There are 4 protein chains.
Amino acid sequence: PRARDTGIVVGLFQPGPLNAITDVAGVTVGHVTLRRGRALNTGITAVLPHGGNLFQDKVPAGFAVANGFGKFMGSTQVIELGELETPVMMTNTLSVPEAAAGAVEWTLAQPGNEEVRSVNAVVGETNDGFLNDIRARRVAKDHAKAAIATAKGGAVPEGAVGAGTGTVAFGFKGGIGTASRKLTPQYGGYTVGVLVQSNYGGSLTIAGVPVDKALGRESFSETTRTSADGSVILVIATDAPLSDRNLARLADRSFIGIGRTGSPISNGSGDYAVAFSTHPDVRRTPAKRSAPAAATELPNDLMSPLFQAVTEAAEEAVLNSMFAATRTEGHRGTIEALPVDKVVPLVGGRPR
Amino acid sequence: PRARDTGIVVGLFQPGPLNAITDVAGVTVGHVTLRRGRALNTGITAVLPHGGNLFQDKVPAGFAVANGFGKFMGSTQVIELGELETPVMMTNTLSVPEAAAGAVEWTLAQPGNEEVRSVNAVVGETNDGFLNDIRARRVAKDHAKAAIATAKGGAVPEGAVGAGTGTVAFGFKGGIGTASRKLTPQYGGYTVGVLVQSNYGGSLTIAGVPVDKALGRESFSETTRTSADGSVILVIATDAPLSDRNLARLADRSFIGIGRTGSPISNGSGDYAVAFSTHPDVRRTPAKRSAPAAATELPNDLMSPLFQAVTEAAEEAVLNSMFAATRTEGHRGTIEALPVDKVVPLVGGRPR
Amino acid sequence: PRARDTGIVVGLFQPGPLNAITDVAGVTVGHVTLRRGRALNTGITAVLPHGGNLFQDKVPAGFAVANGFGKFMGSTQVIELGELETPVMMTNTLSVPEAAAGAVEWTLAQPGNEEVRSVNAVVGETNDGFLNDIRARRVAKDHAKAAIATAKGGAVPEGAVGAGTGTVAFGFKGGIGTASRKLTPQYGGYTVGVLVQSNYGGSLTIAGVPVDKALGRESFSETTRTSADGSVILVIATDAPLSDRNLARLADRSFIGIGRTGSPISNGSGDYAVAFSTHPDVRRTPAKRSAPAAATELPNDLMSPLFQAVTEAAEEAVLNSMFAATRTEGHRGTIEALPVDKVVPLVGGRPR
Amino acid sequence: PRARDTGIVVGLFQPGPLNAITDVAGVTVGHVTLRRGRALNTGITAVLPHGGNLFQDKVPAGFAVANGFGKFMGSTQVIELGELETPVMMTNTLSVPEAAAGAVEWTLAQPGNEEVRSVNAVVGETNDGFLNDIRARRVAKDHAKAAIATAKGGAVPEGAVGAGTGTVAFGFKGGIGTASRKLTPQYGGYTVGVLVQSNYGGSLTIAGVPVDKALGRESFSETTRTSADGSVILVIATDAPLSDRNLARLADRSFIGIGRTGSPISNGSGDYAVAFSTHPDVRRTPAKRSAPAAATELPNDLMSPLFQAVTEAAEEAVLNSMFAATRTEGHRGTIEALPVDKVVPLVGGRPR
């Protein structure tokens, strides 16, 4: 079950129909899962902001780092130009080059890109080196292309899938998770969707309830021991017409949600968020990139509801990643799934 | 009572003896409270890293912004040089100039500073314009000097005092609060202390329990309406021998604690943290500033326990600020104290 | 004479009619000069983006730091919100509080601001402590108000005036200088204007010609000795409709012009730039700040001519500040004016 | 000839014996040049901070961006942890993945790294898509490994070699260049070395002399037309014992040197610098990374001579890259070498 199905509710706002990043119209997600024996437990996940030519019709984007012990690729151009021109890729730490190669080649091959000679691949990663023989570097650029090519809307597979196949969160199996919030008309009616690749640690807290002790874990030393190389990547989509500056602010807030799950943003974690807007008004088409162009943007003063929304969706996306992830026997040991049946009663009795 | 006295426990680690920023040896705190009639509810608070000549014996320092809608002064020099050379001052939004003037004149007047011609005053503020007639600008530079001059160690007055006299948090009376954590010997035995000036909003969450609904508040719109100009300032002290880069990282993590109290880091908030180390090895004395000098620093790999500590102390410091703050009739209305008697049972029954 | 009047030409583009920041329509500049005996040589300069209510009708703005050893105030809010709501003030290092107090009180007193309770004063400074008895702190908030109140368009007084009264550049008298560039219609016809408060050092280079040796100076140690506390503040105005991100990029490039005058951006320098756009389309009026609003912005791909323009105008503004500044007997000694008659032949013979 | 051999002198300080980055003891440089027919003109260059195990014995490092329109990889971890654990690689824009894959695999394969599961590859690039059929992506990870494996000290091959094989600077052939400065004992006697991959444009200025017009070029539109995708990567080495913060400041100043060659840091440029210290005291060995450790660091107040040095070495390194580069017939046309015989007389007659 997803977290919400068990009665666990995070935050004040309502999710969209799918409670997924794909509630933002046009956004698609593709997974390639690589699993064989105990040694291979990894994969690639791609998020596409829209179904057109991403390089030609760029989307405004913002980037945020909570802790930079990671190999996130493509950040400086997102910051400088405030835009995204490729799918956002996620994979394991040592396979960033292959994910990038795939994204570059896919972009070069898109119709209309025959003259393109510069592509900013955006790739996040977390370290699945406990369950996956990461040094073997089994992810290939064709896996990246396949993740992009098979991306689709609708419900998003969660848990031990794609880039989440081999990840570990709070000592339990982590993975891919997603959630969304839809603002009421009073706040503009916009949707914010988040997709996470969860691989980090801390003192597991679910909807405010610290569950580590009840689950028999001595939390701090336990998690710092097992997840020193952990990390989290967050991809954030919204249909609100935001400037790149306000998208970077939105990305920043997503870490508040991560903090609420129990992370202190530890030293060994690579915690990154990238946010983009799908609103057609702010899309950077060739016409808009070559002459002064009008765009309707949401002002600063209307941002707070979106900030609230992203903190909630980020937190719930992490829960969903863990609720969906399954026990995995891997390269250096076995990681159990979160015992949802034990967790729900611990959390359920709380006042709301 | 302070939060911990009511049985509310935040986090995994233990506080220091005072559960205050003054648990870090040498740190002192001074308050000047300005209160008269309904119109005047404001003040100044000063935090001094040590009792010597702060300008001559600078301390390494780091700075972090969660949301920059505020008038924090002195940040660029802290970032560039990685050091602090004055007390950290807090006051109201429109009185930053007077707090700065006081800090500058106090520094110029210290024995040994007769040739000093450049002083970087560091001043944070939050907006107490609901309880205080802030436009009257009643804080004077002499108040700032008095706050510095009367700073002392030991237990720190909390609540509606000093720079917290007129602040509002989550729709209740906010103010000054403090807390600390002392690491076990396994993690180096260091102390991290936090002092906050709380004046922000969100969906009030105490030790993970959302209490807004139970207290009859419709949280999101309520708090965004009443605390649009809210903010939080955090001053963080540690005796761990940290580099300025690791102090900036420590400052960053304090906002995870703020997020756990229910803040989405809203648009109208000015949320700043400054962290310094009191360890003598990293102190920047005239000798160390004029020739290559050895200093012992904690490496990156040992930072995570300090990160955990600061998230906990920041969260608890906010609770302490609210538990201590008292009902205040002010310029534009009255703000009630947090109903501690109602809150404690809501929180107390949860599993820990 | 101004630099250009002597035949010294910097860069490729043409200046506007005044070769001043006031070539950007609506921008005004005000100076208050404080000079008495040898001890008092200081002042305040104010730059106003437009003649309306600056707080209500904010302008988009960007900020850049080349070296942060300075006391620039107001930067974090400019960065977070991408806007400016007050005049940009310049003064001496220890008088930032008074300049800020004046800007705050002036703003509070403007018609239409009766309900304003939060004002982000933006104040730059450089250290005039050689010619001015800076520790005496003789600048008052009323001087700041007077600088704002007397701001006007047209030709801008340069040299030892306003905030430049006591500054020193490259061991010669520095001060206020300004210059502008007007792009050809091919590049949009926009104007970029720069005003500087010059107080920094290095190896003086005029239009590419290093003149230190010819002027009998052993440049590096000379300037690091006399101008350790030097700094430069740059205020940049443009009528191009720029986003705050592109204004920050524009501000960044101004330091390329500073570098070309011979500065290595030394450790003791506080080198800051703030850039704003006066274009009505991007102005943040109450209407635009309260609902999604359309604005026409220049795309990234059209920025390079503006970048070229700002590097040229910044360099020429520094030259103008020195060409206009006059010999000054001050608190701790006398600073000679740049010997323009010697300098011009040194520079004039070069191929262009 | 190198620039200095023709009598062209940049700056105030003296170069080291080789006038190269390899004047910093222990630093080595390796090139792999890929050239075949007109279509293939590209390559890889690697810079190694020392000859030991770079991953185990990390060096403190700083990073700077002047304009982020580029695909620099590895920056966030350098910023967060302040260290470098791999060779610095340079290649073409679309081959960053292969350069990274090579650096990762080389690191995994080093003796002593058998348990390494996380590697932060640091890769810069510029776009050689005019002379090289960049879309063909002919650089392979084995080329990267070969560049690392063949790195050596001594004189560094410059011009159209390695990552500079296909680059264009100011409309002339660019490439790899290097230079150094050795401070006098008065300033500590440290060496600063710079290596550049030059591929950017502007109004070519040599030792302060604008030479574009004399060479028959209408500079601004010419260069923006031909080098829109240009960029520059700077690698900076020093034996001064610097903190990571001061290394980042050093990296920042290198762009002042770039500005002096005539660049306005245009929109289409990806301009990045990474600086590291080879001093054994600041090296982050396993012992120093696992316990509090003493290190001797240069204080802020002694940084200015190093800042001066890096501006000079960066400028001269660019000149060396162009003086050495040879006429190249490539994929989309031919790029002439800088006509050194014409340039030298233009520059030579200037007063020094």
Side-chain angles (χ1 to χ4, degrees), chain B residues 63 65-81 92-105 107-109 113-123 125 127-130 132-137 141 144 228-229 231 267-272 331-332, chain C residues 63 65-81 92-105 107-109 113-123 125 127-130 132-137 141 144 228-229 231 267-272 331-332:
Chain B
F63 176 71
V65 186
N67 192 57
F69 194 157
K71 287 70 181 156
F72 197 97
M73 186 172 169
S75 61
T76 61
Q77 185 164 322
V78 172
I79 295 168
E80 184 75 38
L81 303 179
N92 76 54
T93 306
L94 298 184
S95 296
V96 170
E98 286 67 34
V104 166
E105 295 191 354
T107 300
L108 295 178
N113 292 352
E114 293 75 13
E115 297 302 314
V116 169
R117 292 182 181 83
S118 172
V119 178
N120 188 44
V122 170
V123 186
E125 52 73 32
N127 200 308
D128 57 17
F130 186 80
N132 178 49
D133 181 9
I134 193 170
R135 290 173 54 98
R137 298 199 345 100
K141 64 186 179 186
D229 288 328
S231 296
N267 174 70
S269 206
D271 302 338
Y272 303 94
H331 185 52
R332 296 196 283 160
Chain C
F63 176 72
V65 186
N67 192 57
F69 195 157
K71 287 70 181 157
F72 198 97
M73 186 172 168
S75 61
T76 60
Q77 186 165 322
V78 171
I79 294 168
E80 184 75 38
L81 303 179
N92 76 55
T93 305
L94 298 185
S95 296
V96 169
E98 286 68 34
V104 166
E105 294 191 355
T107 301
L108 294 178
N113 292 353
E114 293 75 12
E115 296 303 314
V116 170
R117 291 182 183 84
S118 171
V119 178
N120 188 45
V122 171
V123 185
E125 53 71 32
N127 199 308
D128 56 17
F130 186 80
N132 179 49
D133 181 8
I134 193 170
R135 289 174 54 98
R137 300 203 339 104
K141 65 186 180 186
D229 288 329
S231 296
N267 174 69
S269 206
D271 303 337
Y272 302 94
H331 185 53
R332 295 196 285 158

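Note that the structure is a prediction, hence the values are computed from the model and not measured. Sequence lines set the chain letters: A, B, ... in the order given, protein chains first and strands last, and positions in each chain run from 1.
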Taking atom CG of C/Leu81 and atom CG of B/Asn67, what is their separation to the nearest 0.5 Å?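 Going from CG on C/Leu81 over to CG on B/Asn67, the span is 7.0 Å.
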C/Ser118 OG to B/Arg135 CZ distance, which is reported to the nearest 0.5 Å: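 It comes to 11.5 Å.
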Measure [X] against the heavy atoms of chain B and call it side chain, backbone, both or neither at under 4.5 Å.
{"X": "C/Val116", "result": "both"}
{"X": "C/Glu98", "result": "side chain"}
{"X": "C/Val119", "result": "both"}
{"X": "C/Ile79", "result": "neither"}

Out of B/Ala99, B/Ala121, B/Gly70, which one racks up the most heavy-atom pairs below 4.5 Å with chain C?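 If we count pairs closer than 4.5 Å to chain C, B/Gly70 comes out on top.
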Closest non-hydrogen atom pair between C/Glu80 and B/Phe69, with its separation: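 Shortest heavy-atom separation between C/Glu80 and B/Phe69 comes out as CG-N, 4.0 Å.
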Tell me, out of C/Val65, C/Thr76, C/Val78, who's got the most heavy-atom pairs with chain B below 4.5 Å.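 It is C/Thr76.
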Best-contacting candidate, C/Pro97, C/Gly129, C/Ser95, against chain B by heavy atom pairs under 4.5 angstrom: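 When all of C/Pro97, C/Gly129, C/Ser95 are compared, C/Pro97 has the most.
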Side chains of B/Val104 and C/Val96: closer than 4.5 Å at any heavy-atom pair?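 Of all side-chain heavy-atom pairs linking C/Val96 with B/Val104, none is under 4.5 Å.
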Donor-acceptor contact below 3.5 Å, side chain C/Arg117 vs main chain B/Phe130: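 No; zero donor-acceptor contacts below 3.5 Å.
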